[in-house]
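The chain is numbered in sequence order, starting from 1. All ligand and atom numbering here is 1-based and tracks the order in the structure.
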Amino acid sequence: MSANSPLALLDRDRVRELFDLRGAYLVQTGGDYRGDPYPVWHRLRDEAEVHPGVVHELTGYDRPAVFAGLPIPERPHFSAFSFAACDAAYRNPEVFASSPTPVDPNDGDLRTQNSMISMGGAQHRRYRSLVQPSFMPANAGWWIEHWIEDTVQHLIDGFADQGRAELNVDFCAAIPVLTITSSFGVPVSQALEIRAALRQPQVLIDLLRPIVADRRRTPRDDLISVLVEAELPDEDGTAQRLTDAEIYSFALLLLTAGSGTTWKQMGITLTALLQRPEVLDAVREDRSLLRPAIDETLRWLPTDPMFARYVMRDIDFHGVHLPAGAVLHLCIGSANRDPARWENPDEYDITRRSRPSFAFGSGAHACLGMHVARAEMTTGIAALLDRLPNLRLDPDAEPPAFIGMYERGATEIHVRFG
Ligand code: HEM
């Protein structure tokens with residue numbers, strides 16, 4: 001990378017530390033799980049659509065794990081494994097809520113649990129409609145031109161003349177975190193501080209406070225300016241602007257929901273393609289196949305295979321009685337390979353008839369950033385194919401493997417080219 005590239009300021013060792021699936025940062029979500037969960041999930045789905053228990057224990061991972069809805073020992077836990085059961089839960093947010101208690105983004109405590117992803121009903125619709133325009137497909141170009149394309153090209157400049165590279169951490173991990181932090185107006189030198197601060201929200205507030213204040217005075221063409229200018233109709237119809245606390249909480253949600261996910265999903269996609277050179281060749285020849293290749297990876301191996309919902313009243317559900325107060329874990333990894341919906345579901349087949357999967361969720365909370373995520377993955381992989389001739393797995397390096405329980409991804413992806 002040239003010394004005057006803005007990315008020369010990115011501390012590579014720190015990237016490796018923060019984006020190591022096996023490292024301390026991700027171990028609490030089951031980063032040390034090495035197995036293939038899919039045979040177990042097929043068996044569980046065949047036995048019953050919904051089981052008492054939590055996904056990781058039912059899968060045979062016996063260490064404690066933290067993720068959406070976990071751990072909450074005082075509540076009964078159930079897990080849904082079929083497409084139909086997950087679909088039914090997504091379609092019934094009154095009973096299967098994203099939070100068991102009302103959400104107040106101004107309660108003075110910065111957590112994703114008081115952001116949009118936990119809200120329900122009218123409150124969620126109001127917040128979502130406020131931020132949605134910036135994330136619509138029509139705005140994908142805004143993200144690509146402002147932040148994604150330059151980042152991708154600078155990262156490739158860093159290794160293009162070396163004939164070999166490690167793509168998972170040195171490429172895939174850096175793109176989403178730099179896209180989101182740059183859209184906030186945070187310089188590259190502070191991007192990793194922000195990522196590291198996900199568990200110390202005060203650091204995020206300290207970094208964002210001057211930017212929010214500046215954009216309130218002088219808006220620019222960036223995401224924080226969109227948020228400070230956005231108007232939210234109150235219950236009585238009066239226009240309200242987002243408070244600083246609401247902006248911090250949305251920023252934290254974007255970082256949490258949008259950086260690790262896209263990193264790992266891009267690594268999974270690259271691995272799936274590099275392991276199948278004939279499919280990679282087909283995509284290289286015909287770039288219109290890149291979108292189906294990405295969508296098939298999202299179905300076949302979604303990075304986050306489980307999301308939780310809180311049961312708000314007693315209900316008989318797909319053969320099981322769920323009491324009010326229970327947590328229902330939707331194992332979307334299993335639902336995405338339900339043979340009732342997809343033929344030969346274990347096969348990675350980019351030519352299969354496209355049908356929506358649950359990788360981006362479904363219903364009211366379906367991923368707000370899905371078009372940004374697709375734009376990052378498409379721009380990144382297309383640029384690799386354009387600039388690195390004969391891209392292939394490095395035959396002398398350990399091949400990538402898929403690991404992790406609740407945040408699945410590839411280990412290092414060592415490649416050669418030229
Ligand atoms: C491949 C990458 C990604 C995957 C697999 C993914 C997956 C998901 C899933 C499954 C949900 C639904 C959660 C639930 O139902 O409880 C979700 C929600 C969300 N995602 Fe993503 N996501 C990705 C990338 C992104 C990006 C890049 C952003 C932002 C730039 C983002 C922002 C959000 C937000 C704000 C929500 C909450 C939406 C709401 O509550 O209405 N995601 N994501």
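By the 30° and 60° cut-offs, the orientation of the rings of Trp41 relative to Phe81 is tilted. In this structure, His124 and His365 have tilted ring planes: the angle between them lies in the 30° to 60° band. Ring geometry, Tyr33 versus Tyr61: the interplanar angle exceeds 60°, so the pair is classed perpendicular (tilted spans 30 to 60°). Between Phe317 and Phe96, the angle of the ring planes lies from 30° to 60°, which puts this pair in the tilted group.
Among all non-hydrogen protein atoms, the one lying nearest atom 33 (C) of ligand 1 is Ala257 CB, 3.6 Å. Shortest contact from atom 30 (C) of ligand 1 to any protein heavy atom: Phe135 CE2, 3.8 Å. Closest protein heavy atom to atom 38 (C) of ligand 1: Arg128 NH1, 3.5 Å. For atom 26 (C) of ligand 1, the closest non-hydrogen atom on the protein side is Gly258 CA, 3.3 Å. The nearest protein atom to atom 23 (C) of ligand 1, hydrogens excluded, is given as Thr261 OG1, 3.4 Å; this is a heavy-atom distance. Among all non-hydrogen protein atoms, the one lying nearest atom 6 (C) of ligand 1 is Phe360 CD2, 3.7 Å. Nearest protein heavy-atom contact of atom 18 (C) of ligand 1 is Cys367 CA, 3.5 Å. Ranking the protein heavy atoms by distance from atom 34 (C) of ligand 1 puts Leu368 CB, 3.8 Å first.
Listed by number with element, the atoms of ligand 1 under 4.0 angstrom from any heavy atom of Gln265 are 1 (C). Close approach of ligand 1 to His124 (heavy-atom distance below 4.0 Å) involves ligand atoms 39 (C), 40 (O), 41 (O). Listed by atom number, the atoms of ligand 1 under 4.0 Å from Gly361 heavy atoms are 10 (C).
Residue contacts with ligand 1, taken as heavy atom pairs separated by less than 4.0 Å, involve Ala364 solely via the backbone atoms N, CA, C and O. Using a 4.0 Å cut-off between heavy atoms, His365 contacts ligand 1 through both its backbone and its side chain. Heavy atoms of Arg309 found under 4.0 angstrom from ligand 1 belong exclusively to the side chain. Contact annotation: for Phe307 versus ligand 1, heavy atoms closer than 4.0 Å belong to the side chain alone. Counting heavy atoms closer than 4.0 Å to ligand 1, residue Asp304 contributes nothing at all. When heavy-atom distances to ligand 1 are checked against a 4.0 Å cut-off, Met370 has no atom that comes that close, whether in backbone or side chain.
For the pair Ser225 (side chain) and Asp221 (backbone), a donor-acceptor distance under 3.5 Å is absent.
Between the side chains of His146 and Ser183, no donor N or O sits under 3.5 Å from an acceptor N or O. Remark: the Asp157 side chain and the Gln153 side chain contain no N/O donor-acceptor pair separated by less than 3.5 Å. A donor and an acceptor atom, one from each side chain of Asp346 and His42, are located under 3.5 Å apart. Counting only N and O atoms by type, the side chains of Tyr310 and Ser99 include no donor and acceptor under 3.5 Å apart. A donor atom on one side chain and an acceptor atom on the other are not found under 3.5 Å apart for Ser82 and Asp338. One side chain, Glu246 or Tyr127, offers a donor N or O that lies under 3.5 Å from an acceptor on the other.
Residue-ligand proximity: Ala308 is placed with every non-hydrogen atom at 4.0 Å or more from ligand 1. Not a single heavy atom of Arg374 sits closer than 4.0 Å to an atom of ligand 1. For Ala359, the heavy-atom gap to ligand 1 drops under 4.0 angstrom.
Below 3.5 Å of separation, one finds no N or O of Glu376 facing any N or O of ligand 1.
Both cation-pi conditions hold for Arg299 and Trp342: the charged atom is under 6.0 angstrom from the six-membered ring centre and inside a 45 degree cone around its axis.
Taking both residues in full, the closest heavy atoms of Arg408 and Ile268 are given as O-CD1, 3.7 Å, listed atom of the first, atom of the second, then distance.
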